[in-house]
Number of protein chains: 2
Amino acid sequence: MSEQEGITIKKAENFSEWYYEVLQKAELVDIRFNVKGFDVYMPTAVKVLREMEKLFIDELESRAHMPVMFPIIIPESNLKKEEEHIKGFSVEAFWITHAGKSKLDERLALRPTSETAMYPLYSLWLRSHTQLPMKFYQQGRVWRYETKMTRPLIRPREFKWFEAHCAQASEKEALKQVAEDTEIFEKVVRDYFSIPFIHLQKPSWDKFAGGENTFAFETVLPDGKILQIGTTHYLGQKFSKAFDVKYTDKDGKKKYVYQTCFGPGVSRILGAMVSIHGDDKGLIVPPTVAPVQIVIIPVFTKDTEVVVMKKAGELLGSLAEKGFRVDLDDRTQFRPGFKFHEAELKGVPIRIEIGPRDVEKGEVTIVRRDFLERISIPQEKVEEQVLEIMDSIGAQLLKRANIHLKIQDAKSIDEIRKKLKDGGFIRIDFCMNEKCDDELKIKTGTEVRGTLFGKKEKVGTKCAICGTKAKEKAYIGISY
Amino acid sequence: MSEQEGITIKKAENFSEWYYEVLQKAELVDIRFNVKGFDVYMPTAVKVLREMEKLFIDELESRAHMPVMFPIIIPESNLKKEEEHIKGFSVEAFWITHAGKSKLDERLALRPTSETAMYPLYSLWLRSHTQLPMKFYQQGRVWRYETKMTRPLIRPREFKWFEAHCAQASEKEALKQVAEDTEIFEKVVRDYFSIPFIHLQKPSWDKFAGGENTFAFETVLPDGKILQIGTTHYLGQKFSKAFDVKYTDKDGKKKYVYQTCFGPGVSRILGAMVSIHGDDKGLIVPPTVAPVQIVIIPVFTKDTEVVVMKKAGELLGSLAEKGFRVDLDDRTQFRPGFKFHEAELKGVPIRIEIGPRDVEKGEVTIVRRDFLERISIPQEKVEEQVLEIMDSIGAQLLKRANIHLKIQDAKSIDEIRKKLKDGGFIRIDFCMNEKCDDELKIKTGTEVRGTLFGKKEKVGTKCAICGTKAKEKAYIGISY
């Protein structure tokens with residue numbers, strides 16, 4: 001809390017240590033809670049997440065998703081109703097066995113995901129075809145007993161997400177929902193958060209337990225590794241049959257619904273945002289989600305205090321009135337240099353400095369966080385300029401981030417190995433057999449992430465691994 | 001979901017059944033989740049809670065409370081560090097003993113409250129007196145294995161709340177924080193939510209486990225029973241000594257902090273809001289927290305559709321622009337009568353009806369939810385009138401609610417029994433011995449709720465129960 005020294009590690013030299021340093025010094029995450037994989041979210045993280053979640057909520061609700069809040073626990077018998085599902089999650093669940101001094105009659109899982117909590121209620125709620133599509137979502141936390149190495153935000157055992165669960169009348173309607181989820185993800189994550197990604201269909205051996213197909217949004221972190229930041233699962237009728245989710249159709253017949261679930265992983269998205277946008281000075285928060293978009297820092301001596309503070313106060317008022325999230329840093333115990341530094345560390349997109357000379361000239365000094373470029377502009381142009389700079393920061397962050405999202409083609413194990421050092425995705429002709437994925441893992445450390453969603457790519461003749469007939473262009477890479 | 005028939009039970013005749021009917025039909029809570037005490041919050045509840053929580057967050061953060069988010073689990077050894085505390089909560093905790101197929105080395109409790117999760121980190125964060133007061137809060141859920149009969153929102157096993165944990169340099173500073181918590185609670189719960197309460201200091205045998213003193217906000221539901229809707233605990237140095245939360249003072253010496261924690265119970269507050277404000281038509285949501293403050297319902301025939309919808313659209317635009325949360329109910333599958341009814345059921349504070357005759361006269365019809373009074377007003381006065389009506393609804397709801405918050409004096413067990421049928425609080429001269437509280441419970445079913453906070457009341461000579469010397473005016477009542 002009181003440690004305000006800057007970032008000491010260069011991002012390009014040691015990304016992993018830089019990440020931990022930014023998490024701590026920008027007051028994002030404290031990793032010292034005494035249970036592995038469970039972290040404390042500090043004020044900066046809570047506030048940024050709040051803005052991120054607002055944007056997801058707006059997009060979900062404007063598309064008729066209704067919010068619900070389910071309990072965080074799921075009885076074991078619910079999980080067992082879909083056998084494939086429990087098999088998939090039984091190694092990952094935390095189990096409650098006792099309450100007070102009593103042993104429970106039935107074990108309760110901390111939800112690893114909520115299908116089996118929600119669908120018994122869907123079965124009660126759904127009656128008629130007029131209710132379709134039925135669209136509910138919830139915002140909250142889930143828990144998974146990760147056996148891989150944990151990492152704050154990116155691979156914790158407790159993480160925040162949204163899950164939107166929809167029921168539709170047909171596979172076609174369900175696939176429309178997949179398209180809508182994609183639209184939401186693109187708008188929120190790429191347009192608002194400036195995080196680029198590609199959208200893949202996962203191979204059959206890597207899909208959601210109990211589902212028919214999984215579609216994943218995957219981005220690349222600065223160390224070249226691939227991070228999945230959201231998914232949509234097409235569940236078909238597997239869960240609706242297991243949980244008896246059916247409706248009376250126009251023809252009077254009872255029919256099982258087709259289902260989808262959409263899960264943007266907000267903890268991971270925040271982790272990606274920190275990793276991708278940050279620099280050697282600290283965090284950079286896109287203006288769309290910055291809790292403070294503009295910080296005004298007055299610079300004065302005893303003689304000029306009154307005139308500078310008056311101007312700063314006026315500016316605060318006029319920017320706040322225009323709807324900007326703006327703060328006047330009027331703390332007297334810190335010098336301006338400290339405040340500049342802190343605003344950079346915490347990633348405030350725009351800093352406005354006002355000193356006596358600025359007041360005299362009727363100007364202010366604006367410093368944008370991405371380039372740390374200083375410009376002087378006339379006071380009457382501040383609102384207009386600030387808006388332009390914010391848009392420009394969003395666009396610049398996306399442009400920079402796109403550098404990491406490399407896609408290179410390769411035709412053999414050797415070529416994969418060679419191109420691997422650049423990071424990102426490698427695209428290969430692929431036979432779609434799991435055996436070749438195993439071989440890839442052993443020989444290159446990469447794995448098949450999937451095939452491009454929504455676009456059939458032209459494929460070569462031979463699988464880059466085994467040489468048999470290639471079926472798809474597959475995207476491979478090293479996973480987080 | 002599809003059941004849209006109205007409330008069938010009269011609130012005055014059977015409050016308890018009326019409560020369950022409103023919860024279901026206004027889409028607040030579904031009680032059919034298959035674990036006792038764990039309920040599903042439906043869209044109306046989630047949206048109202050969101051508005052309620054925003055107001056708490058604003059008040060907390062404007063008073064320099066910083067948000068954090070701690071894990072929901074607490075290792076048993078943390079709980080054990082404060083022996084009184086674990087004794088108090090061990091009968092109430094849900095215990096996680098396994099993860100995947102492994103037995104955990106140490107049991108993890110679902111947090112019943114977060115002192116023992118947070119204070120080990122406070123010990124790391126706090127260094128210097130310059131950091132005091134240190135004020136963090138979190139928003140989230142807690143879990144308690146209630147052995148009493150559960151009731152949705154009011155006594156569930158999973159509930160939402162805020163907890164604000166503060167560290168101060170002295171008892172005096174800590175008690176200032178208690179006063180600030182009171183200020184927040186009065187502003188949010190009484191002024192914004194129109195829920196009246198009294199503020200009591202709990203008797204020593206009913207205080208928070210491990211704390212020095214508990215101060216509680218208590219309201220009265222329409223059935224006359226007392227519901228505690230928030231508390232501040234003064235912890236003294238008990239936890240700071242157990243968790244080593246200390247700082248270096250100006251004199252260079254290490255000192256333990258004094259602590260307070262403030263817990264507004266938002267699930268319970270919502271339960272109280274539903275119970276106290278609702279009527280035989282359904283829910284009534286105060287305008288300050290209504291997700292939709294104004295619903296515009298157009299009434300037209302084929303011939304008049306265009307002109308009515310045009311006017312309705314204009315009104316929607318102008319009200320939205322002024323910052324009102326306003327909705328135009330343009331669903332074509334439902335008749336206006338159905339929409340009026342639904343808006344009443346869900347407690348929308350203001351309904352605006354526009355029909356062809358209104359358009360002709362340049363008027364609209366406004367119906368306020370509390371009195372269901374209809375008035376016609378000129379279109380150009382809508383914004384101004386709506387604002388006035390909202391304020392008036394808030395004031396009227398509080399006025400009505402105050403009727404339940406009865407306080408009657410009694411001098412003997414017999415008198416208590418007689419006055420008990422009116423519900424609310426009964427005030428007695430009291431010796432402050434737990435034995436007399438036990439006797440009260442057995443003979444009257446009431447219990448001592450506490451003594452008035454912040455005001456020493458004049459007390460009579462003899463305890464109303466045992467006849468020995470009275471020490472305080474005590475407030476008693478039947479508890480929820």
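To find a chain, count down the sequence lines: A is the first, B the second, and so on, and within it residues start at 1. Computed over heavy atoms, backbone and side chain alike; hydrogens, waters and symmetry mates excluded.
Of the listed residues B/Y145, B/F33, B/F38, the one with more heavy-atom pairs under 4.5 angstrom with chain A than any other is B/F33. Comparing A/S77, A/A45, A/A117 by heavy-atom pairs within less than 4.5 Å of chain B, the highest count is held by A/A117. Among B/L110, B/L121, B/L108, the residue with the largest count of heavy-atom pairs under 4.5 Å with chain A is B/L121. Heavy-atom pairs under 4.5 Å with chain B were tallied for A/V35, A/T97, A/D39; the largest tally goes to A/T97. Put simply, of B/V29, B/I74, B/I57, B/N78, the one with the most heavy-atom pairs under 4.5 Å next to chain A is B/N78.
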*Residue pair B/M42, A/W125: steps toward the side-chain contact (heavy atoms from CB on, under 4.5 Å) verdict*: CA-CA 11 Å; B/M42 298 299 289; A/W125 295 340; 3.2 Å; yes
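Contact annotation for B/P67: both backbone and side-chain heavy atoms come within less than 4.5 Å of a heavy atom of chain A. If you measure heavy-atom distances from B/Y137 to chain A, the contacts under 4.5 Å come from the side chain alone. Interface residue B/V46: only side-chain heavy atoms are found under 4.5 Å from chain A. Looking at A/A109, there are no atoms closer than 4.5 Å to chain B (heavy atoms on both sides), in backbone or side chain. Contacts of A/R144 with chain B are absent, with no heavy-atom separation under 4.5 Å from either backbone or side chain. Residue B/S102 touches chain A through its side chain alone, counting heavy-atom pairs closer than 4.5 Å. Contacts of B/V40 with chain A are made by both backbone and side-chain atoms, with heavy-atom separations under 4.5 Å. Proximity to chain B (any heavy atom under 4.5 Å) is shown, for A/T147, by neither the backbone nor the side chain.
With a 4.5 Å cut-off on side-chain heavy atoms, A/V68 and B/P43 count as touching. No side-chain heavy atom of A/F94 sits less than 4.5 Å from a side-chain heavy atom of B/I73. Under the 4.5 Å side-chain criterion, counting only non-hydrogen atoms from C-beta, A/M69 is in contact with B/K160.
Within 6.0 Å of NZ in A/K322 there are 12 or fewer heavy atoms belonging to other residues, nucleotides or ligands. Within 6.0 Å of the CZ atom in B/R335, the count of heavy atoms belonging to other residues, nucleotides or ligands does not exceed 12.
Separating the CE atom in B/M66 from the OG1 atom in A/T44 is a distance of 7.0 Å, to the nearest 0.5 Å. How far CG of A/D30 is from CZ of B/F70: 7.5 Å, rounded to the nearest 0.5 Å.
Taking 4.0 Å as the cut-off between side-chain N and carboxylate O, B/E61 and A/R50 count as a salt-bridged pair.
Residues A/P71 and B/R141 come closest through the heavy atom pair CA-NH1, 3.9 Å.
Remark: the backbone N or O of B/I72 is paired with a side-chain donor or acceptor of A/E158 at under 3.5 angstrom.
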